[in-house]
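Presented below is the structure to which this report refers.
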Amino acid sequence: MFESMASHSPLASSAAWTIASSVNRVLPEGALPAPSWAPGRLLKKHQRTPMRTGVPRRTLSLCPDCNREAVEAVIRGQNDVAGFRERPGIIDAEILEEGGRILMRKACETHGPFEDVLSNHPDFFQRMEAQSLGGDFDCVGDREVHDHGPNSIRAGRGSYLIVDLTNRCNMMCRPCFMDANGVGYVDETDMEDLKTIFDRASSFKPNREINVLFSGGEATLSPIFLDAIRHAKSMGFHRLHVSTNGIRFAESRDFAVEASAAGLHGVYLQFDGVSEEKNKHRGLGNYIEVKLRALENIAAAGMQTTLQVTVVNGLNNDCVGEIVRFALRNADQIHGVIFQPVMFTGRDERISTEDRYAERYPLSQLAYDLQAQTSIDWRPMRDWYPASAYAIFSHLDDVLDRGLERGSLFPDMHPDHAIMSPLLVDADKGKAIPIPTFFDLGRFMQDVVQITDSGRPPRVTRAMVLLSLLRNFNQAKAPSGLGPYELRSLFEGSLYRFTRSDDDWSRQASAKTAHWRLMFFNGMWFQDAYNYDFATIYNSSAPVATWQGEISFCAYNGGGWRKVLESVHHTATVADWYRNHGRHQIYAAGKKVHLVESLSRRPEPLVQIEAAPVGTFFTRGCRDLEMKRLVRSGG
């Protein structure tokens with residue numbers, strides 16, 4: 001009945017939604033399923049652990065100096081890992097609003113007071129906090145994986161599992177969150193360690209889909225790089241990526257093809273600006289040429305690239321808009337952009353107070369800088385959401401696909417630490433428009449939460465999601481040529497970001513033939529010892545997989561764990577490594593990478609990727625012809 005009503009017009013869709021949701025509220029709620037991968041029944045919103053939010057609030061943080069001293073005590077042999085685990089330098093802290101800013105203030109009895117800026121737009125900060133979905137399941141059976149004292153991860157699935165293959169790098173950047181090439185030892189992950197890492201990753205509940213991100217140092221320098229990809233693939237992990245400066249991919253298209261054949265799905269490419277001037281701090285003499293060649297070779301090998309931008313206030317924050325325009329012009333090669341405000345760890349751990357204040361880039365500022373530096377009516381208070389909102393659609397997939405061995409990718413990062421904004425991209429013209437311009441994304445997400453919480457059968461759930469999709473679409477404000485059918489295709493086409501993966505997932509996810517595409521722009525805030533908040537560590541969305549289990553990326557780099565574990569576990573001193581393996585090339589002080597292959601304007605792809613068929617969400621369990629009729633006539 002509701003499907004027939006919705007088929008006449010947007011007004012009819014709204015009326016059908018009103019009736020359907022009224023009936024849905026009257027009926028008793030059903031129970032959500034208890035899939036085998038989860039420790040219990042799927043959680044409704046009221047059953048989720050709320051995130052610690054609100055201003056003012058008290059929390060626990062680190063004294064940067066006490067934490068550094070605790071790390072150095074382990075390195076000198078005056079303490080062990082167990083001692084550091086329990087006493088990493090914890091002090092009380094307060095998060096408050098003052099003078100138009102959100103601040104963290106704390107004081108150590110030994111080292112005095114510290115202050116840092118969390119946001120310079122309190123309204124935006126509070127908007128993100130207000131839209132938090134809440135936490136995921138508590139972890140069960142994870143003692144060998146999460147045993148790091150107050151820094152332990154206690155809940156959630158994580159979005160990225162970061163696997164450091166080496167601490168060596170072929171560049172000498174500043175900033176560098178890990179001080180690659182600056183320590184006196186080499187730390188390499190071998191295949192035995194790698195197998196343990198992936199065995200543990202599947203050993204506890206919730207058993208999850210997760211993006212595996214091979215990292216370093218420079219992961220492509222590792223002698224086991226390709227074998228690591230193959231092993232992860234063999235273990236059922238299909239979302240395989242590498243975080244890289246792109247030099248190896250620029251040097252050799254064959255290397256890109258070989259990595260893709262091994263199972264690599266995508267590349268997170270370091271990219272701090274569109275000119276050599278904006279990348280001088282990286283030290284590479286032909287930075288832009290290398291990036292363009294890497295993009296070309298990665299795309300030719302059938303893989304996707306996400307630009308990974310470190311933003312330093314006063315250095316490159318004035319060119320974030322140019323980076324967006326670059327991504328839009330190259331939408332056939334670029335999947336999305338992640339902006340990461342600088343974290344003062346590694347090479348910047350001892351930054352002066354004055355420089356820290358000058359270079360700190362609050363996450364909220366990204367939304368306002370992009371508004372000012374673009375001309376697409378990109379509004380901070382309308383078009384940005386906490387990245388944890390993705391989890392609403394992950395949960396929808398969990399509710400519908402009940403017999404899977406792994407839960408969907410479930411980003412439940414704290415709303416203060418990750419934001420996102422989706423743009424609709426005209427792939428032919430390289431132009432974009434924020435989705436909320438013509439689609440009420442906020443209300444749609446509220447609708448989906450209401451629908452999934454009601455616990456209805458899958459067919460009813462799909463029908464109600466379709467009604468909500470249509471009622472929140474304002475075709476009068478949409479670009480010409482975008483109707484309800486195209487909107488449905490966009491929605492279905494984006495679900496691969498969260499849903500289950502299989503052997504064919506990478507091929508389908510990489511398909512790019514549509515005129516309209518969604519491109520997501522994300523901001524990710526990683527903590528250092530100055531703005532550390534223990535209340536956000538327990539459900540880390542980016543754990544680092546180590547020989548000591550999975551540790552929050554912020555705890556690993558901002559909380560001292562990297563130095564502690566590498567000092568105990570490192571492979572060799574730098575001198576011994578060079579003596580046995582030789583020196584690797586380091587591009588610094590303007591040194592250029594010699595690129596043999598010529599850079600073409602648009603290469604012929606070496607890998608042909610066909611588009612996945614449309615109709616994988618709403619048509620599951622429904623008749624295809626009926627759904628096509630419904631959606632095509634919905635506007």
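All residue numbers in this chain count up from 1 along the given sequence. This one's a predicted model, so the numbers in the text were calculated from it and none came from an experiment.
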Main chain of [Y], side chain of [X]: is a donor-acceptor contact present, judged purely on distance under 3.5 Å?
X: Lys477; Y: Phe439; value: no
X: Arg239; Y: Glu209; value: no
X: Asn67; Y: Leu62; value: no
X: Lys45; Y: Gly134; value: no
X: Asn245; Y: Gln270; value: no
X: Asn167; Y: Asp187; value: yes
X: Gln333; Y: Thr305; value: no

For [Y], is there an ion pair with [X] - N to carboxylate O distance below 4.0 angstrom?
X: Glu98; Y: Arg105; value: yes
X: Glu277; Y: Lys280; value: yes
X: Asp416; Y: Arg57; value: yes
X: Arg208; Y: Glu550; value: yes
X: Arg154; Y: Asp142; value: no
X: Glu359; Y: Arg174; value: yes

Among Asp355, Asp348, Asp116, the one residue meeting salt bridge (Lys or Arg N to Asp or Glu O under 4.0 Å) with Arg360: Asp116

Short side-chain donor-acceptor distance under 3.5 Å, Asp164 and Thr189: no

Polar side chain donor-acceptor pair, Asn170 to Glu218, under 3.5 angstrom: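 The answer is no; no qualifying pair exists.
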
Close aromatic pair by centroid cut-off 6.0 Å: Tyr390 and Phe520: yes

Stepwise ring-ring contact (aromatic ring centres under 6.0 Å, His included) test for Tyr160 and Phe553: CA-CA 10 Å; Tyr160 297 91; Phe553 182 88; over 10 Å; no

Cation-aromatic face contact Arg127/Tyr385, 6.0 Å, 45 degrees: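 Yes, a cation-pi geometry holds between Arg127 and Tyr385.
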
